[in-house]
Structures are given as structure tokens and as C-alpha cells.
Amino acid sequence: MDLSELRAAFSGRLHIDAADQAPFLTDWRGKWTGRAIAVAQPDTTADVAAVLRWCHARRVPVVPQGGNTGLSGGATPDGSGRALLLSLSRLNRVRAVDAANGSMVVEAGVTLVQAQDAAREAGRLFPLSLAAEGSCTIGGNLASNAGGVQVLRYGNARELCLGIEVVTPEGEVWDGLRALRKDNTGYDLRDLYIGSEGTLGVITAAALKLFPLPAAQVAAFVALPSPAAAVELLQRAQAALGATLTAFELMSDTCIALVEKHRPGARLPLAERSPWYVLAEVSDARSEAHATEAIEALLGDAMEAGLVGDAAISTSLAQFDALWALREDISEAQSAEGRTIKHDIALPISRIAEFVAATDAAIAAQFAGVRLVVFGHVGDGNLHYNVSPAADRLGREHEGGFVALEAPLNRLVHDAVAARGGSISAEHGLGVLRRDEAARYKSAVELKLMRAVKTALDPLGLMNPAKLLPPGPPGPAGGAA
Ligand code: FAD
Ligand code: ZN
């Protein structure tokens, strides 16, 4: 295809050489690789619109990409080489911060860390926080409705977004950057684009919610016997600490042992091991002493009730960071151990303990040679119910056998989730990884409504084809393009 007209149509970069394109065509985990006619990196919203008009006129599919840290293959084109990869990374300006309104407007390619820093410079908190924050972008966070470790208190990306600016597949710009907490003027288009994984249009900027910066943050690392005890402690913590409880993460001892094995210097902060641990965080508007007092009182009562064992409470920023590192390094440690099979599931919090007990038992009965690596945002009902090879099956000769377990394990875990009213993708989206499974668990009515939205907003099916929804029945927006 002649790309000279495209090159002339916008300001920014256009990568045509295979070597220049390569970093954009494989996902962060190296699980998916695709091809593209080119990689475009426009400079402004107007440039994005010009690129989309060019694509629309020629029926060229578009795959939007932010920081390329998504875990579901949504930002990688297919192998046909027909699509244009549209990187938003050069739309990286903070347009405005309005401290009094508790809002800021940033462009889609601003990284999450840049957005957090811009808020902090204005004396405010932008609370979205996840381990990929140095690379992932606000556009990608919104397109995949990212979660992370502070959802319990502040909500996920959707709840942190007041308005967005979008370029439609036809190349029109919708300025929906209203920084309002209340706006009941018809269908909520913003919420359609959030979580749409690039399948409806391109998010080019967003108005985000800001919060007061806490005066102090304290973390507690707590030993307990079971997920049931963790859920009980969560109820007590919410009652005692109210909105100052900003994170409540669960992890098994297997997770911590993996971090200790793969990260030099990592160490359990407790005298004795326990089957499970909780990392709770308190963000206090008054002082560190006030936060510590509140968390000590909570844990004192829980110990007396026989609910929890030993606990460590941070007394410095270094200790606070060290406790958090034990939680945040689990994913990387699991990858360092060998192949992984991951499940990002959500359940009603009241059903988590019973789900873990029943699913652990079913896996032990039906699958040999695997190890469960279970952790997650238990305060949000979101578990990363992951699987690694057993310690004696780490050699290359066992890899094939482990990979063959993926489909039956997925089925077992996701059936158990569906049976309890849960979700098979809590925060990582569907992309291509969970696209077909999600269609399996959704009702025909829900799928029909989703397809109707897709057809209405992207009638030619050019936006990120065959992501999120399976290539559907005949029709331009079925995704088969
Ligand atoms: P990309 O990977 O580039 O894209 C993700 C999807 O959004 C794709 O479908 C893409 O087409 C679409 N997209 C990207 N930008 C736009 C745009 N401007 N307009 C329209 N569509 C767009 N996720 C969590 O939710 N919680 C976590 O705790 C978490 N931890 C992680 C830890 C690590 C180490 C890693 C690698 C990932 C983690 N993730 C987590 C997943 C990932 O970081 C998030 O999904 C993130 O929001 C993706 O942002 P991105 O800019 O990298 O998007
Ligand atoms: Zn997570």
C-alpha cells in the first residue's frame, strides 16, 4: 500500500521498517506477536483524527496501543499485516490541573507515573496504582478499565474518570472532557469507551479525578490461617478504619516463598511462617501516629479473637516500601520460576473463601504436578488465582505437559467462578486471551447488546478487529475484518 499520503497527512512518526516496528508488535509478556502495514505515532488529537480518516477511507483496521503492558493481547495486531498500529505514546502532555475542582486533564499517552506526579505537584493525589505504572498510559488504563491496589478506597480507572476526548473510526473528534461529578444529560458515552479495549474509538485525552494527599500511610503485614480469616479481618478493618483503609491484599505463603527465592534481599517480616498473609494499608489525614494507633487497635482485637497471628507494622517509609515490595514482586517472581497459567477473577467477597477451598481441592484431585500461586485484591473480590509447575517439574522436559494443562485448568477455574456469580476477567480485560471464554459465559442477550454497540459506533468493524468480541456473525462489524 502507498503510505506517502498517510505520511503527509499528520505530524509525528511513521515507522515502516520492520526493525522500527518490532517493539510495537509483540506484547509485554512475549505471548503474542503480530504484523502491521506501519506503526503511526501522531503528535496531537488532530493528527490522530487525520490518521483515522486515512484508515477509514481505505478500510484499514486500526490497533490502538498505549504502553503495551496489557496482559490480554489487546494491543497486538493479528498476523495478517493489514492493520495500522496506532501508538498514542507521543500524546503525552498534561493539559491542565484544577486543584480546586479536584481534576486534571491529561493526554492519552501520559504514563500513569507522570499523571501521579502531576497531581502530587499540585498537592493532590491521583490514586490509580499498579505495578506497570512506569510504562502503562492513561489511555490504556481507561481502555482496559485498569484496577490495581487502591480500588478498595478510590475505585478503578472508570471511577476515576470524569470525561474523555475520543476520535471516532471516521476521524471525528468528540470533546467529552467535562470535569463534572454530576452530568445526567443522556447516554453515558464516556462509560462506553472506558473498558472498550480500543474496539470503539481512540481515547486521546481524559479528565481525571484528584483527591487530597494523605498525611501519612502505614502498612501492616499480617499472618492468618485462611482466606476465610482474611475476609473476616476485612469486615473488621472496614468497620474500624472506614475510608482510611486504602488497600487490603491477600497472598499465600507460596507467593512469598517465590519472592524470597527470586528477589535477593526479600524476607518475610514475621518470626514464623503462616499459610496466608494480608497486607493492609491505612492512609490517614492526620498523622502516622494516628494511623498506627488505629491499625494496632484493630489487630489487637483480631489477635484476641484468635483471627490473626503475628503482624508487622511499618514505622518508616523504607519499611512501608519493603512490605509493599513483597506483594508487588509476586508476579515477576512467578514468571522467574517458569511458565505460568493465570486467572484474573472476581467474586462476591462473601464467596471467596469457599471458592478457594473448593477449587484448590478440585485441582488437587484432577491435576498432578502443579502449584497454586494465589494472591490479589481481596478487598475488591479480585484474586489472581495463578498456577505454576510443581517444584519438581521445573525442567524444560516438563514444559509441554504443563502447557497442555492450560485449557482444562481454565475451564475448571472459570466454571467455578461462573457458578458463583463471578467474572473471568476482573481487571485485565478480554483482548484475545479471554475473548472466546467471555462469550461462552455471557448470555445471548448480553452478547447481542454488546454487538449492537460495536456496530453503532464502528459500523465498518475497523477498530481493533476480533478483540473483546469473537469474530461474529456475517456483517461489517462482526470483527472478521
Ligand atoms: P496497552 O497494553 O497498550 O493497551 C491495552 C488495551 O487498550 C488494548 O486493547 C489497546 O488497544 C487499548 N488502548 C490502549 N490505548 C488506547 C487508547 N488511547 N484508546 C483506545 N484504546 C487504547 N492491570 C490492572 O488492572 N491491575 C494491575 O494491578 C496490573 N498490574 C500489572 C502489572 C504488570 C507488571 C503488568 C505488565 C501489567 C499489569 N496490568 C495490571 C495490566 C496493564 O498494565 C494494564 O491493563 C494497563 O492499564 C494497560 O495500559 P497500557 O497503556 O500499557 O495499554
Ligand atoms: Zn491485580
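These figures come from a predicted structure and were not determined experimentally. Atoms within a ligand are numbered from 1 in the order they appear, just like the ligands themselves. Note: hydrogens, waters and symmetry copies are ignored here, and every other heavy atom, side chains too, is used.
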Check: Are any non-hydrogen side-chain atoms of Pro269 and Leu326 less than 4.5 angstrom apart?
Finding: yes

Notebook entry, point to check: Taking the side chain as C-beta and beyond, is there a heavy-atom pair between Val231 and Ile349 under 4.5 Å?
Noted result: yes

Next item on the list: Any side-chain hydrogen bond (donor to acceptor under 3.5 Å, both in side chains) involving residues 48-64? Give me the pairs, sequence neighbours left out, ordered by first then second residue.
Entry: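 Every pair satisfying side-chain hydrogen bond (donor to acceptor under 3.5 Å, both in side chains) with a residue in residues 48-64: Glu5-Arg58.
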
Next item on the list: Report all protein residues having a heavy-atom distance below 4.0 Å to some atom of ligand 1; order the list by chain, then number.
Entry: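 Residues near ligand 1: Trp28, Pro64, Gln65, Gly66, Gly67, Asn68, Thr69, Gly70, Leu71, Gly74, Ala75, Leu88, Ala108, Leu130, Ala131, Ala132, Cys136, Thr137, Gly139, Gly140, Asn141, Ala143, Ser144, Ala146, Gly147, Gly148, Glu197, Gly198, Gly201, Val202, Ile203, Glu427, His428, Asn464.
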
Donor-acceptor contacts under 3.5 Å from residues 459-470 side chains, at least two apart:
| unit_1 | atom_1 | unit_2 | atom_2 | d |
| --- | --- | --- | --- | --- |
| Asn464 | OD1 | Lys467 | NZ | 2.8 |
| Asn464 | ND2 | Gly74 | O | 3.0 |
| Asn464 | ND2 | Glu197 | O | 2.9 |
| Lys467 | NZ | Gly74 | O | 3.2 |
| Lys467 | NZ | Thr76 | O | 2.8 |

Notebook entry, point to check: Can you name the one residue among Asp47, Leu86, Leu84 that meets side chain to side chain contact (heavy atoms under 4.5 Å, CB included) with Leu52?
Noted result: Leu86

Item checked: Parallel, tilted or perpendicular: rings of Tyr441 and His414 (30°, 60°) -> perpendicular

Note to self: Looking only at side-chain N and O atoms, does Asp188 offer a donor or acceptor that is under 3.5 Å from a partner on Tyr193?
What the structure shows: no

Note to self: Is it the case that the side chains of Gln334 and Thr340 hold a donor-acceptor pair, with the cut-off being a distance below 3.5 Å and no angle test?
What the structure shows: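 Result is no, nothing qualifies.
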
Checklist line | Side-chain ion pair, Glu437 and Arg440, N-O less than 4.0 Å | finding: no

Item checked: For the Zn ion (ligand 2): protein N/O/S atoms at distances below 2.8 Å ->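 With waters ignored, the protein N/O/S count below 2.8 Å is 3.
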
